[in-house]
Amino acid sequence: MITYTFLQHYWWFLISLLGGVLSFLLFVQGGQSMLFSLPRSEGQKNIMVSILGRKWEYTFTTLVTFGGALFASFPLFYSTSFGGAYWLWMLILLSFVLQAVSYEFRRRPGNVFGTKTYDVFLFINGLLGTLLVGVVVGTFFSGADFTVARNNITDIGSPVISRWNNGWHGLEAVVQPRNLVLGIAVFFLARTLALLLFINRSGDDELTTRSRRMLWYNAVPFVVFFVAFVVWTFLAEGYAVDDAGHVYIQKYKYFTNMVEMPAVGVCFLLGVLAVLYGIVRTLACGNVRNGIWFSGTGTVVTVTCLLLAAGYNGTAFYPSTADLQSSLTIGNASSSMFTLQVMSVVSLLIPFVLAYIFYAWRSLERGHTTAEDAENDGHP
Amino acid sequence: MEFLTASLVGWSRAQFAMTAMYHWVFVPLTLGLGVIMAIMETLYVRTGKEEWKTAAKFWMRLFGINFAFGVATGLVLEFQFGTNWSNYSWFVGDIFGAPLAIEAILAFFMEATFISLMFFGWKKLKPGAHLASTWLTVLGATISALWILVANAWMQLPVGMEFNPDTVRNEMDDFWSILLSPVAINKFSHTVLSGWVLGGLFVTGISGWFMLRRRHADFALRSMRVGTVFGLVASLLVLSTGHMSAYNVAHYQPMKLAAMEAHYEGYEGVELVGVGLLNPDKQSWDDGVQPVVGRIAFPKMLSFLGFSDFNAFVPGIRDIIEGGYVQPDGSVALSFEEKHERGKLAIQALADYRRAMANGDTEAAAVYKEQLRQNYAYFGYGYIDAPEGLIPPVGLTFYSFRGMVILGGWFLLLFAVLGFMAWRRDITRCRWMLWAALITIPFGYLAGEFGWVVAEVGRQPWAIQDILPVQAAISSISAESVKLTFFIFLVLFTVLFVAELRIMVRQIKKGPEVQDDACGTDNVKTEK
């Protein structure tokens, strides 16, 4: 029997999965953040851009889909977070606008600003895109400063339902220590995945060797910051919601969720192990090139499970630090049953979408990318 | 530019309008040029002639340059529904969000995936598979247009939903009526076809430039022929869908139609103003001053366009405010005062219902709920305190409509004459016509922007027709914040637009012989 509750959980699962896939695809941003530090020549930089340039649209599209799916399935989150944390989202948007044109423009004759400017744009997106997306996800666990009052709509002079309670409009989340720790972890994760991808795809030996060396300097901080975030979050208070929809503080809530949902807890652990296995194996064995597939898959699973823990098992996925009862849960923030049903039918097409993406990826990724390939591809 | 005052609503609207207008610089060319390059590649696959492949690759390069900016502005638009119109996002997100999500799942991934195969797959795919990738890229872009236009059409004609006072939002109850509403179907076809017209203008204009420079004669003639036929067919279809647009506006948004025509006093057998100037002495909707001077008009044509009846009554702005006329469905129109009162009643009933529910008084709640249901059709009028608030900017709407229609007529004529010359005569001898084709390219963009101004400015003050005015749809942020992001986006988009224009011009100047980049390096046949 498909109930409203089932559909709300199903859509939170899809949102979580999209978040996991997006985290993996942020390797594009991670690679961009190393455009000025990893390559030793223009040719190597072009190889990096070529490898990333064939994938940036997937990351971008996943971000758009993440936004669209949130809008459709949890519109109260869309209106509360986007309208409230205005500056945080605007910075993310700006950085992605810079990215969208840069691959196409950077080496085109007549691009006005020169290649280096567009490379700087890519770097900015690589830095801000990862850091700030991590900060946003951090607020799912640490909360945000908003109130929701549906009765406001009947106040003709001031009808806005969701309101932010400080003038920083999201910038305050960046300096919240736990959010920042997750942001930094995501930044180093993206760089780690990018290095694993370069090792897998590059046909330039020196670039591959340098990627292996750089992996140490990025994987270690990633692990440190990620473990710090997880331990901090598991030991911290969480935001629980009872059957009546009443939100309250619960000690060790997110750790408890992992224990009370053993499938999620086990998958989370397996995901973390897969990420670590991909990294450690690549570092330990000089000829291993497939670490990206272990770490990539592990990233998808780990982040999906983290987000499931943020919303399942009676948890407020977007807690309000200003008014506990304004917190958003998958029960009070979701679309109607009818809309979720319609969207669920559409979601049945997702495997078909994944199939043609797989076909396209396979078709284009035969052999390693060399300097010659980079010269001849679509991003001159 | 009244809206550029320091109001939050004004700046929020300005920011959205600016982003949308930049977005619409790139999207129509993607829609139109995409089909043309796919047709050329189809001709290549069917005939095996390398010349068609050369032509397809050339237009594909320009398609690629144009594509990225559309993606960037599209992302900003999507997120602005949340950042700047948060109340809207909650109030109708249950309905509006679904098309956007479906667009992302069904269309964006299709575009993103097959555009990669189209650009990078020339040497890695068989010709048939590559052709399929090209068509699927175009299909993805068109499906994307479908869903966002369905969403937009729903704002103009909100159907398939019911207001839920417990959640304080409108909830979808009939997906098909949203997808297949007459406004949605017509808006999709009219908008996509206008993109095709722009594609035709772009290709014929650039081909004309090559002919003027006496370069790549064979390529230019092939492109000119495809471009003119494609553009002519698209223009004729735009004409017919334009008629349907007028019909829909007359039935569902009479105030917009009145503003498009500066039509203040209703009567039967209303003329259509061809050209004319708005009378600066017209200060108010009820001052009786003649609104248009120096006009050339087509008798009874507005009645025909709006109602398929030369003698139909078309209400003017005054009639819509004062009410009392018979509407197309046979009912008598309410005045603004009556709608305003019923809107306030609906809002109050909602407040009372929620209070009663909070107090556990279900009997009273049922009474208020019924009161709300009976008056909900006028909910948005409760936020508007004066009849002037119902009138969209007449000048902008009036002149934009004339600009769109006149330019549309010019495009039709141009395609017909260019096509005749390209297929039956030596078009290269008719240099003024080639110049005309080239110079017309920017007017193609302008016509599209005019169309959107008519559609969006003309429906003010409504974010959702009759249900939610823009002032009740915004986010709670400071006007200064929005003002700042407006200028940041304005500078960013403008700077990148200049870069894109220069890149595009340089790429065009290179001509089709260049062996580089986007389309691989395999044996591009040169024409000297």
Side-chain angles (χ1 to χ4, degrees), chain A residues 54 57-58 60-61 63-65 67-69 71-72 75-76 78-80 82-83 86 89-90 93-94 96-97 100-101 103-105 108-113 150-151 153-154 156 159-164 169 335-336 338-339 342-343 346 349-350 353 356-357 360 363-364 366 376-378 380, chain B residues 64-65 68-69 71-72 75-76 78-79 82-83 86-87 89-90 93-94 97-98 100-106 108-109 112-113 116-117 119-121 124-125 168 171-173 175 347 350-351 354 382-383 472 474-477 481 485 488 492 496 498-499 502-503 505-506 516-518 520-521:
Chain A
R54 297 177 189 197
E57 279 159 345
Y58 289 120
F60 204 93
T61 305
L63 177 66
V64 174
T65 308
F71 196 175
L76 192 51
Y78 202 80
S79 60
T80 303
F82 285 48
Y86 186 78
W89 286 108
M90 279 295 165
L93 281 182
L94 283 167
F96 275 90
V97 169
V101 295
Y103 282 106
E104 190 60 43
F105 287 9
R108 292 274 184 201
N111 68 12
V112 181
F113 308 109
R150 289 181 174 83
N151 289 342
I153 196 80
T154 60
I156 290 172
V160 181
I161 292 171
S162 299
R163 300 177 191 216
W164 214 249
H169 281 287
S335 286
S336 66
F338 185 83
T339 295
V342 170
M343 296 295 302
V346 175
L349 293 170
I350 290 175
V353 174
Y356 68 64
I357 290 174
S363 300
L364 293 178
R366 293 183 186 129
N376 295 330
D377 81 3
Chain B
I65 295 166
F69 211 144
V71 171
L75 176 78
V76 179
E78 184 200 13
F79 278 61
T83 55
S86 73
N87 236 26
S89 294
W90 173 246
D94 192 74
L100 261 65
I102 297 172
E103 179 188 19
I105 293 169
L106 296 187
F108 289 157
F109 278 109
T113 302
S116 293
L117 285 177
F119 282 125
F120 304 117
K124 298 183 177 181
L125 299 175
V168 188
E171 295 179 352
M172 189 193 304
D173 64 6
F175 175 74
I347 293 170
L350 175 61
R354 291 186 61 78
Y383 295 97
I474 50 169
S475 301
S476 177
I477 38 179
S481 293
T485 52
I488 290 172
L492 184 63
L496 294 177
V498 169
R502 281 199 65 196
I503 292 169
V505 169
R506 290 284 283 270
D516 74 337
D517 59 48
T521 55

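Just so it is clear, the structure is predicted and the values come from calculations on it, not from any experiment. Proteins get letters first, then strands, A, B, ... in listed order; numbering begins at 1 in each.
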Identify which of [options] forms the greatest number of heavy-atom pairs closer than 4.5 Å to chain A.
options	result
Ser89(B), Gly121(B), Gly93(B), Ala472(B)	Ser89(B)
Phe69(B), Phe109(B), Phe175(B)	Phe109(B)
Leu100(B), Val71(B), Thr113(B)	Thr113(B)
Gly82(B), Gly64(B), Ala72(B)	Gly82(B)
Leu106(B), Val505(B), Ile488(B), Leu125(B)	Leu106(B)
Leu350(B), Ile477(B), Ile105(B)	Ile477(B)

*Contact check, side chains of Ile503(B) and Glu104(A), non-hydrogen atoms, under 4.5 Å*: no
_Contact check, side chains of Tyr86(A) and Ser475(B), non-hydrogen atoms, under 4.5 Å_ = no
*Check: Ser116(B)/Tyr58(A) side-chain N/O donor and acceptor closer than 3.5 Å*: no
*So what's closer than 4.5 Å to chain B heavy atoms on Ile153(A): side chain, backbone, both or neither?*
both
*asked:* Counting only non-hydrogen atoms closer than 4.5 Å, does Leu349(A) touch chain B with its backbone (N, CA, C, O), its side chain (CB onward), both, or neither?
replied: side chain
*Atom group of Leu492(B) that falls short of 4.5 Å from chain A, counting heavy atoms*: side chain
*With Tyr78(A), which residues qualify under side chain to side chain donor-acceptor pair (under 3.5 Å), at least two apart?*
none
*Between Arg502(B) and Gly110(A), what is the shortest heavy-atom contact and its length?*
CB-O, 3.1 Å
*asked:* Between Ser86(B) (side chain only) and Thr83(B) (backbone N and O only), is there a donor and an acceptor less than 3.5 Å apart?
replied: no
Chain B contacts, top residue of [options] (heavy-atom pairs, under 4.5 Å):
options	answer
Leu94(A), Thr80(A), Thr154(A)	Thr154(A)
Val342(A), Asn151(A), Val353(A), Leu63(A)	Asn151(A)
Val101(A), Ile161(A), Val64(A)	Val64(A)

*Quick one: list whatever passes side chain to side chain contact (heavy atoms under 4.5 Å, CB included) with Thr339(A), sequence neighbours left out.*
Ser335(A), Ser336(A), Met343(A), Asp94(B), Ala98(B), Met172(B)
*asked:* Working to the nearest 0.5 angstrom, can you tell me the gap between Leu93(A) CG and Phe82(A) CZ?
replied: 8.0 Å
